[in-house]
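Input: a single structure, listed below in C-alpha cells.
Every number for a ligand or one of its atoms is a count from 1 in the order of the listing.
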Amino acid sequence: MIDVPTLVEQARQGRPRAVARLISLVENAAPELREVMAALAPYTGHAYTVGLTGSPGVGKSTSTSALVSAYRRLGKRVGVLAVDPSSPFSGGALLGDRVRMQDHATDPEVFIRSMATRGHLGGLSWAAPQALRVLDAAGCDVILVETVGVGQSEVEIAAQADTAVVLLAPGMGDGIQAAKAGILEIGDLFVVNKADRDGADATARELNHMLGLGEAREAGAWRPPIVKTVAARGEGVDEVVEALEKHRAWLEEHGELVVRRRRRAAQEIEAIALAALRARIGDLHGDRQLAALAEKVVAGELDPYGASDRLVAGLTTS
Ligand SMILES: Nc1nc2c(ncn2[C@@H]2O[C@H](COP(=O)(O)OP(=O)(O)OP(=O)(O)O)[C@@H](O)[C@H]2O)c(=O)[nH]1
Ligand SMILES: [Mg+2]
C-alpha cells in the first residue's frame, strides 16, 4: 500500500526519496496517480520551467549542469528532468544517473531525474508534465527539462516550457539540421555552445540570418537572443541565466506566461483524456470487438467511420 498523503507531504518538504517515489508513480502510470495529482494541485504553479533542446551532443547536459550551478549560486531550488530517448528506464534513481550531474548529486536543493521516452504507456506528452508537477510541488524555483531535439514529442516538451532554449554547436552543420527538424521556431533563446571551437561566430551569424533577427519587429515583440557559451567551462552561462530572466519578465509583462501555461495544461488534459479513452476502448470491447468491426470493414459491410462510431458510442452509453 502506498500512503499518498504522507508521500505528498514529504515531497512538499523537499524530501528527495518522496519526490523520487512520486515520479516513479508517474513513470509506472500507477493507479494512485489520480490521488497524487489531486493532492499536488494546490501547490503547483510556482516553478519556472525551461526546456533545453538541440541535436545529440551539442552540450545540453553540460549546459544543464552549468545552469544548475548558476541557479544554485542564486539560492534557487532546482529540478532537472532529462528526457532521454536512448536510455531505458533508470527505475527510480533520482540523483546522479548522468555523469555530468554528479556535481549536484549531494546537493539537497537539487532534484535530478531522467525519464525514458520509449515504451511508456501514455507517451511522453502524458508523463513529462506530471513529472514537472511533482518537481513544482516539491518547491523547485526552476525546472530544467532536457530533451534531444529529434522526434516531435521531444521537441514539443521543450516548446511547452515557459521558456524554450535551442542549443547549437559549431561545425556540425547544425543550423541546417535544426531547421529541418523544425526546432528553430520554438526557440525563445538560442545558445551556440562549444564557442571554444572554430566556427561559433559563423554559426551565430547564420542563425541570426535564418531567424531574421536583424529585421524589424513589432514593438514589444520578443527578439530571441543568441548567447555563445563554453558550457564545459561554465563560460557564458551567467549570460544565459540573464537572458532567461529577461524572457521570463517579458512573458509576465505581456500576459504570455499564463497563456503558455494554459496551453500546456490543455495539452496535458488532452493527453490524459486520450490515454483514458484508449484504455476504456480496450476494457470495454477488448480486441474481440475491434476484431469483429475490422472484419466487417474488410468485408465491405461497414465503413471505417461507421465502425469508429460504434466503438465510441459504446463508450458513452455504458
Ligand atoms: N569543446 C567543448 N566541448 C563541450 C562543451 N560543452 C560540452 N562539451 C562536450 O560535448 C560532449 C557532449 O556533451 P553533452 O552535454 O553530453 O551533450 P548533450 O547534448 O547532452 O548530448 P545528448 O544528451 O547525448 O544528446 C561532451 O564530451 C562534453 O564534454 C564546450 O563548451 N566545449
Ligand atoms: Mg544529454
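Counting heavy atoms under 4.0 Å from ligand 1, residue Thr64 does not touch it at all. Only the side chain of Asp196 comes within 4.0 Å of ligand 1, counting heavy atoms alone; its backbone N, CA, C and O stay farther away. Residue contacts with ligand 1 for Arg197 involve side-chain atoms from C-beta outward but no N, CA, C or O (heavy atoms, distance under 4.0 Å).
Of the candidates Thr62, Thr147, Val192, Thr62 brings a heavy atom nearest to atom 7 (C) of ligand 1. For the residues Gly59, Gly54, Ala232, the heavy atom positioned nearest atom 5 (C) of ligand 1 is part of Ala232. Across Lys228, Lys194, Glu235, heavy-atom proximity to atom 11 (C) of ligand 1 is greatest for Lys194.
Residue Ser63 places no N or O, backbone or side chain, under 3.5 Å from any N or O of ligand 1. Between Ala195 and ligand 1, no pair of N/O atoms sits closer than 3.5 Å. Any N or O atom pair closer than 3.5 Å counts here, and Val230 shares no such pair with ligand 1. Residue Thr229 places no N or O, backbone or side chain, under 3.5 Å from any N or O of ligand 1.
Nearest heavy atom pair, residue Phe190 against residue Leu207, reads CB-CD2, 3.6 Å. Heavy-atom minimum distance, Gly187 versus Val166: CA-CG2, 3.7 Å. Residues Arg261 and Asp162 approach most closely at NH2-OD2, 2.7 Å, considering heavy atoms. Summarising the geometry of Ser63 relative to Ala231, their closest heavy-atom pair is OG-CB, 3.4 Å, with the distance given to 0.1 Å.
Between the Mg ion (ligand 2) and the N, O or S atoms of Glu146, the shortest distance is to OE2.
Of all atoms in ligand 1, listed by their number and element, those nearer than 4.0 Å to a heavy atom of Glu146 are 20 (O), 23 (O). Close approach to Ser61 involves these atoms of ligand 1, each under 4.0 Å from a residue heavy atom: 15 (O), 18 (P), 20 (O). Which parts of ligand 1 touch Pro56 is read off a 4.0 Å heavy-atom cut-off, strictly below it: atoms 25 (O). The atoms of ligand 1 that sit less than 4.0 Å from any heavy atom of Ala231 are 31 (O).
The nearest N, O or S atom of Thr64 is not closer to the Mg ion (ligand 2) than 2.8 Å.
Counting non-hydrogen atoms of other residues, nucleotides and ligands closer than 6.0 Å to CD of Glu245 gives a total above 12.
Side-chain N/O atoms of Thr163 and Asp188 include no donor and acceptor closer than 3.5 Å. For Asp141 and His46, the side-chain atoms include at least one donor-acceptor pair closer than 3.5 Å. Side chain to side chain, Thr229 and Glu235 fail the donor-acceptor criterion of an N or O pair below 3.5 Å.
Contact check on Glu268 versus Arg262 returns no salt bridge, with no Lys/Arg side-chain nitrogen under 4.0 Å from an Asp/Glu carboxylate oxygen. Between Arg72 and Asp107 there is a salt bridge, since at least one side-chain N of the basic residue sits less than 4.0 Å from a carboxylate O of the acidic one.
Assignment of Arg233 to the shell around ligand 1 is not supported, since no heavy atom sits closer than 4.0 Å.
By the 4.5 Å heavy-atom criterion applied to side chains, Arg77 and Phe111 are counted as neighbours.
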